[in-house]
Amino acid sequence: MAHNLPIEPNRFIGRERDLAEISGLLARHRVVSLCGVGGIGKTRFGLRVAGHVIENFPDGVWVVELARITRGDLVVHEVAGVIQALEEGNRPVLDTIIGRIGSQRILLLLDNCEHVIEACAELIDALVAGCPQLRVLATSREPLRIAGELVWRVPPLDLPEPGSTERSSEAVQLFLDRAYAVGSRFELTDDNTRAIGDLCRALDGMPLALELAAARTSVLSPEQIAERISDRFKLLTGGERTAPARHRTLLATVEWSHSLLLEKERVLLRRLAVFAGEFDLEYVERVCADAALPAYETLDLLAGLVDKSLVQCDQHGEARYRLLETIGHFALERLRHAGEEREFRDRHLRVTRDRARDDFWVDMLKALPEAARLTAFRKVADRNADHRAALSWAVETGQAELGLETACFLYPIWAVRGTWLENRSWYERMLALDLTGVPQELVGEAWSRQADMAFGQDDLAIAEESALRGLEMMRTKPGYRFSLGLTLNNVAMIYLRTGRPEPAQLHAQEALDGATKAGDLWNIGMAHNGLTLITGLMGRLREAQRHAEEALTAFREADQTWGIGRALTSLGVLCRIRGDLDTARTHLEASLPYLESLDAKPEIARALSELGRVATQQGDLERARERLVQSAELSRKIGQRRGMTRGLAALASLAEARGDLDGAVLLCGAVAALREAIGQKSSVAKAEEILSKARAALGDARTGLLYAHGRAMSADQALDLAKTGAAIESPVSSPTDPVAIQAASVLTDREREVVGLLVKGMSNRRIADELVISPATVARHVANILLKLGFSSRTQVAAWALEHRIVNG
C-alpha cells in the first residue's frame with residue numbers, strides 16, 4: 001500500500017469513538033477538516049485516522065506537512081513533492097498534480113494549514129473539482145471555508161469528574177503513559193490520582209499540555225505539578241481577552257515548562273527556532289554553539305530537551321530532531337526577545353550553504369562509489385525546508401553572495417528533482433538584489449543555473465538569453481572549471497532544442513575538450529551524451545553511436561549510476577534506429593536496474609517506451625503492449641505529459657502493427673493535441689505515415705473524423721482506450737453521429753466559417769474579402785484547420801465537412 005505515514009512514536013490513547021466517526025465521515029464527504037486550538041492533538045489524530053482508513057485508498061495515503069512552509073505559494077510545490085508529481089515545462093504545478101492524481105482513489109492529509117489557509121483552500125477546492133475519487137483530510141486551527149467542507153472540531157480528551165479517583169479517563173491514561181515513558185515510577189494512590197485528575201482538568205485535557213506536564217514527573221510529584229500549574233496560570237491571565245481560554249492555558253503550560261529548564265537549555269531551545277524542518281546533531285552544533293554554549297555540551301542539552309518533550313526525536317536511522325509547531329513559535333519569540341534572531345539566522349544561512357557544498361557538491365566531484373554519493377544526495381535533499389528558510393532569509397536581508405552560493409550548490413538536487421518553477425524563482429529573486437561586490441563568476445553561474453530552470457520549463461527564449469549572459473560572465477575568469485563545463489553542456493542543449501545543431505555541437509565539443517584536459521568525468525559523459533543527440537539528429541548514426549559508447553565509458557569510470565542508465569538508454573535507441581533490435585533490447589533492459597535504483601521515473605518511462613517500440617518491431621505485440629502501457633502509466637502517475645506523449649505515440653504504432661487503423665488514427669490525434677498543449681515540436685513523420693495509410697484504406701473523410709475525435713480526447717481517455725490490447729472500437733457510425741459534432745468542436749467559430757467557404761471552393765483572397773480579414777490571416781486559419789483535422793489539402797477538408805454535414809454545401 002503506497003503511503004508515507006510515519007511510525008507512531010508512542011502509544012495512541014483515547015479517541016476511539018472519534019476515530020470511528022471520522023472514518024465514516026471520510027466515506028461520505030470529499031473534504032473533512034479537523035479543527036481546534038494548538039496542542040489539541042489534531043496532527044496525531046489525523047495520522048491515526050489516515051492509518052485507520054488506509055485500506056480504503058488503494059492508490060495511496062499521503063501526508064503533506066505544512067507547518068514549516070513560510071509562503072502560501074509554496075504549498076502546491078510541497079504537495080507535488082510528496083506525491084511525486086514532477087514539475088514540467090511551463091505547465092502550472094496545480095495542473096501537474098491534478099494530472100498525477102486523475103481518477104485514482106487517494107487520501108491527502110494536509111497537516112497544519114492555518115498559516116497558509118487561503119492557499120490551502122484554493123488548492124483543495126481545485127483538486128476536489130479535478131480529481132473525482134480524491135479525499136482530503138485537513139488539520140487546521142480554522143476551517144478552510146470551501147464548498148463541500150465538513151468541519152469536525154477536535155475535542156479535548158475525556159476528563160474525570162472533580163475529586164474523582166477514576167483512572168480510566170483518556171486524559172489520565174495519557175498522562176500516566178507519558179509519565180512512565182520518561183522513567184517515572186510513582187505508585188498510584190487516591191491522593192495523587194485526584195491530583196492527576198485536577199491537573200488534567202486544569203489543562204482542559206489537551207494532549208500537548210499533558211505530555212509536557214508528564215515530562216516533569218521525573219523531578220516533581222503529580223501533586224507538585226498540579227500546584228505549580230495553578231500558580232503559573234494565575235501569572236498568565238493578562239493576555240488578550242478574545243483569545244480562547246484553552247489557548248491561554250497551552251501558552252501557560254509551555255511558559256511553565258520553559259521556566260523549569262536549565263539556563264543553557266533555554267538558550268539552545270530558542271536558537272533551535274532557526275531550523276525549518278528536521279535537523280541533526282551536527283547542524284545544531286554548527287549553528288547554535290558559541291562561547292556561551294560550547295559545542296561539546298550540545299548533545300546533553302539536546303537530550304535534555306528531548307526528555308522534557310520540547311524537542312521531538314526520530315531515531316530511525318540517523319537521529320533527527322524537530323520542534324513541534326507550538327514550541328517552535330514560542331522559541332522564535334524568545335530568540336527575538338533575546339536579540340539573537342539576526343545573528344543565528346545568519347549562521348543558519350552560512351551553515352546551510354557550507355553543508356550543501358561539503359555534504360554533496362564536493363563529493364560529486366570526487367571519485368566516490370555511487371552508493372556514497374547517493375547517500376550524500378539524499379542527506380542534503382532531505383533538508384529542503386531549511387534550504388527554503390535560508391534562501392528566504394538571504395533575500396529578506398539582501399545577502400546576495402551567500403544566497404547565490406547556496407542556490408548554486410543546491411542546483412544538482414533541483415535539476416534531478418525537476419522542481420523548476422520554485423527554484424527558478426530563487427535565482428530570479430536573488431539576481432534582483434544589489435550585486436555590488438559579488439564575484440562576476442558567481443553571478444554568471446547563477447544566470448546559467450537560472451537558465452537551466454527555465455529550460456526545464458520549456459521557456460527557451462529566456463533560457464537562451466540567461467545562459468548566454470551567464471556564459472559570457474563566466475568566461476571572464478580564465479581556465480576550465482566544473483561549473484563552466486555544466487554551463488557549456490546546457491547551452492549546447494538549448495541550441496539543439498531551438499533547432500541549431502551547429503552551435504550546439506561547438507559548445508558540447510568545447511565542454512568535452514575542457515573536461516578531458518581536467519579529467520572531469522561527469523562533464524565528459526554529459527558532453528558525449530549531448531553529442532549523441534546532436535549527431536543523431538544530423539543523421540550521423542555511427543558518430544552518434546561512438547559518442548554514446550564514450551559517454552557510457554566515462555560514467556562507468558566515474559561510477560555514476562544515473563549517467564550509466566542514461567547512456568545505456570541512448571545506445572538502445574540508436575541500435576533500434578539502425579535496426580539492430582536484439583542489441584537495442586539488451587542495452588535498454590540493462591539500463592533499467594540503474595535507473596530503478598535511483599527511482600528516476602522519467603528515465604524509467606523513457607526506457608520502457610523504447611523497449612515497447614523494439615518489441616513492436618520484433619512482432620512481440622503483447623510484450624510491446626505491456627511495456628508501453630507501463631511507460632505511459634508511469635508518466636501519468638508522475639504528471640509528465642511529455643512522457644505520456646512518447647508512450648501514446650508508441651501505442652499508435654502498436655495499433656497500426658495490430659491492423660487497428662481506427663485506433664492508430666485516434667491515438668495520433670490525441671498525441672497531436674497533447675504535443676500542442678505542451679509546446680512540443682517533435683517529429684511527426686510516423687504519425688503522417690499512419691495517416692497516409694489510413695486515408696488509403698479508410699478514406700479521407702473517415703480518417704479526418706477519427707483524427708479530429710482523437711484530438712478531442714484527453715490523454716487519460718486515450719490511454720484507457722489503448723490499455724486493453726484489443727482493437728479500439730470506432731466512434732464513427734454515421735454522418736449525423738454526435739461524435740462527428742464533437743470532433744468538429746476542435747475548430748473555433750472562425751475556423752468553421754473558413755471551412756464553410758472552403759466547401760464553396762473559394763480562394764484565400766475571396767475568403768479574406770468575405771470575412772474582411774487579410775489573406776495572411778486566412779492562410780493561418782487554413783493551416784490550423786489542416787493540422788487539427790489531420791488533412792494535407794483543402795479538398796480533403798471540404799469533402800469531410802460535406803460528408804459529415806459539418807457545414808451546408
Please examine the side chains of Arg606 and Val573, heavy atoms only from C-beta on, and report whether any two atoms are closer than 4.5 Å. yes
Using the test side-chain contact (heavy atoms from CB on, under 4.5 Å), find all partners of Ser591 that sit at least two apart in sequence or belong to another chain. Leu568, Thr569, Leu595, Ala607
In plain terms, say whether Glu78 and Arg388 are close enough for a salt bridge, that is, a side-chain N and a carboxylate O under 4.0 Å apart. yes
Minimum heavy-atom separation for Trp62 and Ala2, please, with both atom names. CZ2-CB, 3.7 Å
Who pairs with Cys35 by side-chain contact (heavy atoms from CB on, under 4.5 Å), at least two apart in sequence or on another chain? Ser33, Pro143, Val151, Arg153
Examine distances only and state if a side-chain atom of Glu149 and a backbone atom of Leu144 form a donor-acceptor pair shorter than 3.5 Å. yes
Those residues that, when tested against Phe45, pass ring-ring contact (aromatic ring centres under 6.0 Å, His included) (two or more places apart): Trp152
Within-4.5 Å side-chain heavy-atom neighbours: Val116 and Asp73: no
All heavy atoms of Arg576 vs all of Glu610, minimum pair found to be NE-OE1, 2.7 Å
Closest approach of Leu628 and Ala650, non-hydrogen atoms and distance? CD2-CB, 3.3 Å
Out of Leu108, Ile98, Val31, which residue meets the side chain to side chain contact (heavy atoms under 4.5 Å, CB included) rule with Leu134? Leu108
Kindly write out the residues that satisfy ring-ring contact (aromatic ring centres under 6.0 Å, His included) with Tyr594, not counting sequence neighbours, or none if the list is empty. none
Taking side chain as C-beta onward, heavy atoms only, is Trp414 less than 4.5 Å from Trp426? yes
For a side-chain contact (heavy atoms from CB on, under 4.5 Å) check, start with the C-alpha distance between Met644 and Asp716, then their side-chain angles and the critical distance, and finish with the verdict. CA-CA 9 Å; Met644 278 284 285; Asp716 282 354; 4.3 Å; yes
Exam field: side chain Asn112 to backbone Leu66, donor-acceptor pair closer than 3.5 Å: no
Taking C-beta and beyond as the side chain, do Ile106 and Phe57 meet within less than 4.5 Å on heavy atoms? no
Quick one: pull up CD in Gln630 and OG in Ser635 and give me the separation to the nearest 0.5 Å. 11.5 Å
If you measure from the Lys or Arg side-chain nitrogens to the Asp or Glu carboxylate oxygens, is any gap between Glu589 and Arg585 under 4.0 Å? yes
Step-by-step side-chain contact (heavy atoms from CB on, under 4.5 Å) determination, Arg424 to Asp459: CA-CA 11 Å; Arg424 176 181 175 179; Asp459 191 351; 3.0 Å; yes
Residues forming a side-chain contact (heavy atoms from CB on, under 4.5 Å) with Ser140, sequence neighbours excluded: Cys113, Glu114, Ile117, Glu142
Ignoring hydrogens, what is the shortest heavy-atom contact between Gly328 and Arg68? Give both atom names and the distance. CA-NH2, 4.3 Å
Basic-acidic side-chain contact under 4.0 Å: Arg623, Glu626: no
Is a side-chain N or O of Ser609 found less than 3.5 angstrom from the main chain of Ala605, in a donor-acceptor match? no
Calculate, to the nearest 0.5 Å, the distance between atoms CD and CG belonging to Gln717 and Leu719 respectively. 11.0 Å
Closest heavy-atom pair, Thr616 versus Ser653, reported as atoms and distance to 0.1 Å, is CG2-O, 4.3 Å
If I take atom CD1 from residue Ile22 and atom CZ from residue Arg48, how far apart are they, to the nearest 0.5 angstrom? 14.5 Å
By side-chain contact (heavy atoms from CB on, under 4.5 Å), Thr139 pairs with (sequence neighbours left out) Leu34, Lys42, Thr43, Leu109, Asp111
Donor-acceptor pair, side chain of His115 and main chain of Ile69, under 3.5 angstrom: yes
Taking all heavy atoms of Leu26 and all of Val136, pick out the closest pair and write down the distance. CD2-O, 4.3 Å
More than 12 heavy atoms from other groups under 6.0 Å of CD on Glu118: no
Hey, is the main chain of Leu157 close enough, under 3.5 Å, to the side chain of Arg15 for a donor-acceptor pair? no
SG on Cys668 to CG on Leu651, rounded to 0.5 Å: 11.0 Å
Stepwise, does the side-chain contact (heavy atoms from CB on, under 4.5 Å) test hold for Leu592 with Leu608? CA-CA 8 Å; Leu592 285 175; Leu608 288 171; 4.2 Å; yes
Tell me, do Lys686 and Ile690 make a side-chain contact under 4.5 Å, heavy atoms counted? yes
So do the side chains of Leu86 and Pro602 get within less than 4.5 Å of each other, counting heavy atoms only? yes
side-chain contact (heavy atoms from CB on, under 4.5 Å) between Glu603 and Trp562, intermediate numbers included: CA-CA 9 Å; Glu603 294 302 323; Trp562 182 83; 4.2 Å; yes
Ring of Phe455, cation from Arg497 - is the NZ or CZ under 6.0 Å from the centre and inside 45° of the axis? yes
Nearest 0.5 Å, please: how far is CG in Leu25 from CZ in Arg135? 11.5 Å
Thinking salt bridges, do Asp620 and Arg627 make one under a 4.0 Å N-O criterion? no
